[in-house]
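Single-structure report; data block below.
The residues of the chain are indexed from 1 along the displayed sequence.
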Amino acid sequence: QVQLVESGGGLVQPGGSLRLSCAASRHTLDYYAIGWFRQAPGKEREAVSCLSSMDNSTYYADSVKGRFTISRDNAKNTVDLQMNSLIPEDTAVYYCAPLWCESVAIGEYEYWGQGTQVTVSS
């Protein structure tokens with residue numbers, strides 16, 4: 001089991017910004033893709049953004065393209081998700097996991113953490 005810890009969620013007004021952080025070991029960051037996923041009440045968990053450990057290629061869901069940016073911070077051993085121009089539809093619990101966003105193994109993964117709550121409301 002690869003363990004990661006999410007932080008940075010909170011309450012923000014529409015149009016505001018938040019930065020989420022996923023803390024992990026250097027080994028994890030070097031050998032696994034890191035993905036951000038979210039789940040809103042009554043909906044399935046969905047992939048939001050992912051960063052490859054191989055070539056730093058990225059993936060963004062259509063709903064967040066142009067607004068979210070995923071990056072690795074080597075000094076802090078984190079993968080961060082900068083979220084700008086937030087809208088109420090972004091409200092969800094956000095999780096990070098050592099998974100690529102388009103991997104067929106997502107449905108079989110069972111080591112989700114507690115996540116961090118993001119609420120966008122005026």
Side-chain angles (χ1 to χ4, degrees):
Q1 179 180 345
V2 177
Q3 295 187 336
L4 303 89
V5 180
E6 307 96 336
S7 64
L11 174 64
V12 65
Q13 296 183 56
S17 299
L18 284 173
R19 182 175 65 86
L20 306 184
S21 292
C22 178
S25 68
R26 179 195 284 188
H27 179 274
T28 295
L29 298 180
D30 285 346
Y31 288 92
Y32 296 87
I34 301 296
W36 281 99
F37 304 80
R38 68 186 182 188
Q39 186 167 29
K43 294 188 175 182
E44 294 291 315
R45 198 191 317 271
E46 64 173 345
V48 177
S49 182
C50 288
L51 179 66
S52 171
S53 63
M54 294 288 292
D55 58 3
N56 288 322
S57 61
T58 58
Y59 167 95
Y60 296 97
D62 289 341
S63 59
V64 307
K65 286 181 179 177
R67 300 189 297 118
F68 291 10
T69 303
I70 191 169
S71 62
R72 175 174 172 174
D73 188 328
N74 290 316
K76 299 179 180 179
N77 282 338
T78 62
V79 171
D80 299 336
L81 185 68
Q82 179 65 46
M83 307 186 296
N84 298 326
S85 302
L86 286 163
I87 58 177
E89 289 74 17
D90 294 320
T91 296
V93 177
Y94 285 69
Y95 306 86
C96 64
L99 298 168
W100 179 248
C101 288
E102 299 170 303
S103 172
V104 297
I106 294 175
E108 301 171 0
Y109 188 72
E110 56 184 11
Y111 303 109
W112 303 102
Q114 295 300 306
T116 185
Q117 176 72 48
V118 171
T119 302
V120 184
S121 176
S122 59

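A donor-acceptor pair is defined here as one N or O able to donate and one able to accept, closer than 3.5 Å; no such pair exists between the side chain of Asp30 and the backbone of His27. A donor-acceptor pair under 3.5 Å links the side-chain atoms of Thr116 to the main chain of Gly9, judged by distance alone. In this structure, the side chain of Gln39 does not engage the main chain of Val93 through any donor-acceptor pair within 3.5 Å. Using modelled atom types, one side-chain atom of Ser49 and one backbone atom of Tyr59 make a donor-acceptor pair closer than 3.5 Å. The backbone N or O of Trp100 sits nowhere less than 3.5 Å from a side-chain atom of Ser103 that would complete a donor-acceptor pair. Counting only distance, with no hydrogens or angles, the side chain of Ser21 and the backbone of Ser7 share no donor-acceptor pair below 3.5 Å.
Of all the heavy atoms in Ile70 and Thr58, the pair that sits closest is CG2-CG2, 3.7 Å. The minimum heavy-atom distance between Tyr94 and Met83, with the atom names listed, is CE2-SD, 4.0 Å. Residues Trp112 and Ile106 approach most closely at CZ2-O, 4.4 Å, considering heavy atoms. Here the shortest heavy-atom pairing between Ser85 and Arg67 reads O-NH1, 3.0 Å. When all heavy atoms of Thr91 and Val120 are compared, the pair lying nearest together is OG1-N, 2.9 Å. Considering every non-hydrogen atom in both Leu86 and Leu18, the closest pair reads CD1-N, 3.9 Å.
Between Arg19 and Thr69 there is no side-chain heavy-atom pair separated by less than 4.5 Å. Looking at Cys50 and Leu99, their side chains never come closer than 4.5 Å, going by heavy atoms from C-beta outward. Counting heavy atoms from C-beta on, the side chains of Leu4 and Cys96 come closer than 4.5 Å. Side-chain contact between Val79 and Leu29 is present, with heavy atoms from C-beta onward closer than 4.5 Å. Taking the side chain as every heavy atom from C-beta outward, Glu6 and Gln114 never approach each other to under 4.5 Å. Annotation: side chain of Cys22 is in contact with side chain of Ile34 (closest heavy-atom distance under 4.5 Å).
Between Glu46 atom CD and Ser63 atom OG the span is 5.5 Å, to the nearest 0.5 Å. Taken to the nearest 0.5 Å, the CD atom of Glu44 stands 14.0 Å off from the CZ atom of Arg38.
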*asked:* Using the rule given for side-chain hydrogen bond (donor to acceptor under 3.5 Å, both in side chains), can you reason through Asn84 versus Ser17, listing the C-alpha separation, both sets of side-chain angles and the distance that settles it, and then say yes or no?
replied: CA-CA 4 Å; Asn84 298 326; Ser17 299; 2.9 Å; yes
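Aromatic ring centroids of Trp36 and Phe68 lie 6.0 Å or more apart.
Using a cut-off of 4.0 Å between Lys/Arg side-chain N and Asp/Glu carboxylate O, Asp80 and Arg72 are scored as not salt-bridged.
A cation-pi geometry, defined here as NZ or CZ lying under 6.0 Å from the six-membered ring centre and within 45° of its normal, holds between Arg45 and Tyr95.
The environment of OH in Tyr32 is sparse: at most 12 heavy-atom neighbours from other residues, nucleotides or ligands sit within 6.0 Å.
When hydrophobic clusters are built by joining Ile, Leu, Val, Met, Phe, Trp and Tyr residues whose side-chain heavy atoms come closer than 4.5 Å, directly or via intermediates, Leu51 is grouped together with Tyr31.
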